[in-house]
**Q** 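If you scroll down you'll find the structure; I have some questions about it.
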Amino acid sequence: MRRLGWPLVLLALAACTENTTSPGVCPNFCPSGSISIQDTIFATIIERDSSFRGYIQAYQGALMTAADSPGVVDSRPFFTTQAFGSMRIAPNPGDTTTVPFVVDSVRLRLIIARRDKQATNLRLKLFQVPLTADSTSDFASLDPYFTAPAVDSVSISGLLATAGATDTAVTRFWRSICAACIDSVRVDSAGNVLLMQPDSSLLVYLKLDTLQAPLSEPDSGRLAYGIRVAADSFASVSVAAEQAGAGAGPRVNRYYHYTIPDTVSTKPDSVVHLNREIGPRFDSFVFEPPSAAIDSNLTVGGVPSARTLLRVAMPKFLHDSIDIVRATLILVPVSAVRGVPSDSFAIEARNLTADLGAKSPLGGTFVNTFMHIGSADTVRIELTNLVRTWSLDTTQVTSLFLTQVPEASSYTQARFYSTRAPAFRPALHVTYVHRFQFGAP
Amino acid sequence: MRAAALLCLALLAAGHLAAQDSQFGIKGLGTPGRWESVRARTTGGAFAPFDPFSPLTDASLADARRMSASVAGGTSWRTLEPTGAAEASLRATRFPALVIAGPVTRRIVVGGGFATYLDRTFGIRIQDTIDLRGVPQPITDEITSDGAVSDLRLAAAARLHRRVAFGLGFHLLTGSTRIVATRTFADTANYRSSTARDEVAYAGRGASASLLLDVTRDLRLAGWVRSDTKLRGDISGRQITESDLPRSYGAGVLWRAGTQASLAGTVMWRNWAAAATGPDSTVHDTFNWSVGAEIGSLGTPIRFGVRGGQLPFGIGKTPSEVGYTAGLGRQFSGGRGRLDIGLERLERRGTGLTERVWTFLVGLTVRP
């Protein structure tokens with residue numbers, strides 16, 4: 001019997017694993033029950049839909065869109081900077097006299113978060129705007145400043161086409177500014193610099209002189225600029241605003257010096273070189289034509305941002321005996337979204353934790369789809385996870401908000417037919433599996 | 001030896017309370033279990049009516065003169081050869097029978113245990129392409145069932161006469177199957193998998209009676225009958241099915257050809273057609289037979305046998321099966337324990353499918 005030990009051990013090990021599933025030979029050797037699937041468009045399941053505007057203002061947006069498409073849109077970012085602070089300094093501790101700061105040069109940093117890579121001859125132009133520009137400024141009030149001669153301009157396409165700098169002193173300096181940046185450090189003949197971040201966004205450093213960026217004592221050293229974009233085609237970029245994250249907005253870096261006079265010996269005066277970075281005080285953008293007013297259709301996007309509230313009347317049987325495998329919200333655009341072709345944007349469908357109308361708190365479940373400029377195709381948003389949750393949990397609020405992502409960062413807005421247009425009203429396309437008939441042989 | 005015993009227990013613990021499953025049982029109520037100990041099974045089942053540790057008959061308990069327990073287990077490697085489809089290989093470990101018996105008086109022995117009445121363990125995978133939203137969509141359906149209808153038996157056998165033993169048994173049919181039906185889509189980006197699962201609980205009752213008659217010192221006859229009520233299937237307390245169960249009749253003969261050889265033969269009928277639900281039913285009455293022999297000393301016998309017969313469920317003509325078995329046993333601890341091992345080769349044929357099975361069997365009997 002002892003000799004049988006090892007074969008038995010091997011057999012026992014083999015017995016530890018099971019494989020009882022085989023390809024089905026149906027219908028002769030399959031259970032009589034089968035998994036059946038149904039695909040239905042619920043044309044009237046969406047009800048009490050509304051749009052509301054005013055959630056996010058342009059100055060609260062994460063991005064500022066600069067676009068120029070004649071006859072379609074003209075969008076112009078602008079910003080003002082913080083005050084420079086004191087413009088004089090006591091050269092030595094205890095000195096009662098002060099010496100002035102002398103500005104040597106100025107760098108204006110912009111982050112271009114989005115651009116069309118097919119754009120040719122893409123340029124940014126810098127315009128002086130009044131320091132008083134704020135949330136009350138509109139396209140018309142700022143237009144004279146944007147039509148005046150530009151303070152400076154930089155060719156983004158030209159910088160991108162420039163060979164990377166090989167001077168180690170230059171590259172080391174700019175690598176120390178942005179250690180995470182990829183690709184080469186590109187410098188044009190005017191001293192403008194372009195760096196590329198890992199997410200393909202561009203850091204553009206415009207070199208300004210003291211005339212272009214004066215240190216004016218009456219203005220406390222504050223500056224105000226507007227930006228226009230130009231290109232042979234696809235003239236549209238998004239510039240990061242301060243709301244995108246601390247330090248993301250336009251920044252001015254002044255390089256200056258002051259002199260410490262030598263009053264005791266005959267040695268020459270010593271010079272101290274410093275720089276100071278100044279962030280934005282206010283940033284926003286204006287555009288023409290303005291976002292259309294809310295009407296009987298559903299609106300998503302624009303500035304101030306508009307959201308659409310859709311309420312879904314889930315039929316009882318969607319709760320009971322089915323398993324939803326796909327649910328798609330169908331929206332029919334009233335017209336193609338106008339804009340520069342590269343200004344496609346995302347629409348997010350997000351659940352609500354409570355249905356309080358326009359001020360309903362948003363939930364944590366969301367899905368996105370993209371709206372393409374110039375396309376009037378039906379928009380489909382996959383809501384499978386959301387509708388499955390509604391199907392399984394009857395306590396859930398079966399409503400959702402459609403919002404633009406990011407909000408109030410672009411002139412673009414989508415308009416869809418509402419339930420007031422029976423032929424084109426929003427619908428829910430649901431694919432579901434019937435409950436399996438258990439127990440039948 | 002101790003290692004072998006532990007090994008057996010490990011083997012058995014790994015298994016399910018079920019018998020050997022078959023694709024022929026998917027369409028019906030299940031695959032009927034074998035009410036046989038490993039000793040009886042390695043003789044093709046021919047010794048089952050005479051073996052006190054085979055749950056087939058109750059009268060045979062009269063031969064259990066000491067408190068004893070026997071357990072059987074087996075691992076099967078099954079090959080499916082469907083007509084016009086690809087072969088598939090399956091593997092399963094099962095724990096088909098346990099019998100505990102002991103005398104309460106000089107003439108009466110009481111026993112009990114469990115066996116598999118119907119095995120309902122299977123899994124099928126179906127791949128297809130369906131049209132969804134105007135796009136051909138590849139899908140995979142997987143339906144698995146794991147469980148069995150078990151036969152809990154309480155039986156008593158009485159030796160009415162030196163040559164006659166009579167047994168009665170009460171059977172409680174119980175058990176459940178966990179069924180999972182899953183549909184997965186090739187397009188996982190847009191379609192979520194759908195999984196439905198439930199547990200079907202089964203309940204039924206039955207009774208059996210059997211008789212052993214020693215015609216001569218070397219010739220023994222057995223006869224038995226069993227009847228079961230309807231088998232009810234419930235999900236969450238709600239009845240979903242009710243199926244008639246068959247009556248079983250059987251007879252056997254055992255001949256002791258000297259002190260070191262025994263031959264036996266058995267026949268059994270079961271009217272499964274009673275479980276039919278309509279004129280298109282795929283349920284068939286069955287007739288099964290077996291012949292086997294046990295040769296050698298009581299301590300180290302060698303066994304072999306052959307069996308044949310029919311399966312109750314299948315499309316078209318009644319599926320048939322033929323099996324060949326061989327095995328050996330070894331007593332240990334002065335006859336207080338016995339280890340039986342065996343190998344069985346089965347071939348089942350039916351319309352559209354041939355099934356070939358190798359089964360390795362291990363049985364352990366102890367008399368504390």
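Here is how names work: the chains are called A, B, and so on, in the same order as the sequence lines, proteins then strands, and each is numbered from 1.
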**Q** Rounded to the nearest 0.5 Å, what separates atom CD in B/Gln23 from atom SG in A/Cys30?
**A**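 These two atoms lie 8.5 Å from each other.
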**Q** Look at the side chain of B/Arg183 and the backbone N and O of A/Ile35, then say whether any donor-acceptor pair between them is shorter than 3.5 Å.
**A** yes
**Q** Would you name the heavy atoms of B/Leu90 and A/Thr21 that are closest together and state the gap between them?
**A** CD2-O, 3.3 Å
**Q** Heavy-atom distance under 4.5 Å to chain A: side chain of B/Ser194, backbone, both or neither?
**A** both
**Q** With a sphere of 6.0 Å drawn around CZ of A/Phe366, does it hold more than 12 non-hydrogen atoms of other residues, nucleotides or ligands?
**A** no
**Q** Only pairs of heavy atoms separated by less than 4.5 Å count here; which of B/Thr300, B/Asn190, B/Leu132 has the most with chain A?
**A** B/Asn190
**Q** Checking B/Ser145 against chain A: side chain, backbone, both or neither under 4.5 Å from a heavy atom?
**A**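 When you check distances to chain A, no heavy atom of B/Ser145 falls under 4.5 Å.
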**Q** Using heavy-atom distances under 4.5 Å, tell me whether A/Thr384 contacts chain B through its side chain, its backbone, both, or neither.
**A**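 The answer is the side chain of A/Thr384.
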**Q** Contact part of B/Ile130 toward chain A, heavy-atom cut-off under 4.5 Å: side chain, backbone, both or neither?
**A** side chain
**Q** Under a 4.5 Å cut-off applied to non-hydrogen side-chain atoms, are A/Ile37 and B/Phe185 in contact?
**A**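 Yes; the side chains approach each other to less than 4.5 Å.
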**Q** Within this structure, what is the CZ-CG distance for the pair A/Phe29 and B/Leu80, rounded to the nearest 0.5 Å?
**A**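 Reported value, rounded in 0.5 Å steps: 9.5 Å.
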**Q** Does CD1 belonging to B/Ile302 count more than 12 external heavy atoms closer than 6.0 Å?
**A**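 Counting neighbours around CD1 of B/Ile302, 12 or fewer heavy atoms of other residues, nucleotides or ligands fall under 6.0 Å, so no.
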**Q** Quick one: what part of B/Ser89 sits under 4.5 Å from any heavy atom of chain A, side chain, backbone, both or neither?
**A** backbone
**Q** Can you tell me how far CZ of B/Arg133 sits from NE2 of A/His429, rounded to the nearest 0.5 angstrom?
**A** 4.0 Å
**Q** Got a sec: does the CZ of B/Arg197 have more than 12 other heavy atoms crowding it under 6.0 Å?
**A**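 No, not enclosed.
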**Q** From B/Glu87 CD over to A/Ser22 OG, what is the distance, rounded to the nearest 0.5 angstrom?
**A**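 So the CD of B/Glu87 and the OG of A/Ser22 are separated by 12.0 Å.
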**Q** Does the side chain of B/Arg192 come within less than 4.5 Å of A/Asn385's, by heavy atoms?
**A**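 Result yes, sub-4.5 Å side-chain heavy-atom pair found.
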**Q** What part of B/Ser193 gets closer than 4.5 Å to chain A, counting heavy atoms only: side chain, backbone, both or neither?
**A** backbone
**Q** Is it the case that more than 12 heavy atoms not belonging to A/Arg435 sit under 6.0 Å from its CZ atom?
**A** no
**Q** In Å, rounded to the nearest 0.5 Å, how long is the span from OG of A/Ser34 to CD1 of B/Ile126?
**A**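 With rounding to 0.5 Å, OG (A/Ser34) is 8.0 Å from CD1 (B/Ile126).
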**Q** Please flag which part of A/Asp39 lies under 4.5 Å from any non-hydrogen atom of chain B: side chain, backbone, both or neither.
**A** side chain
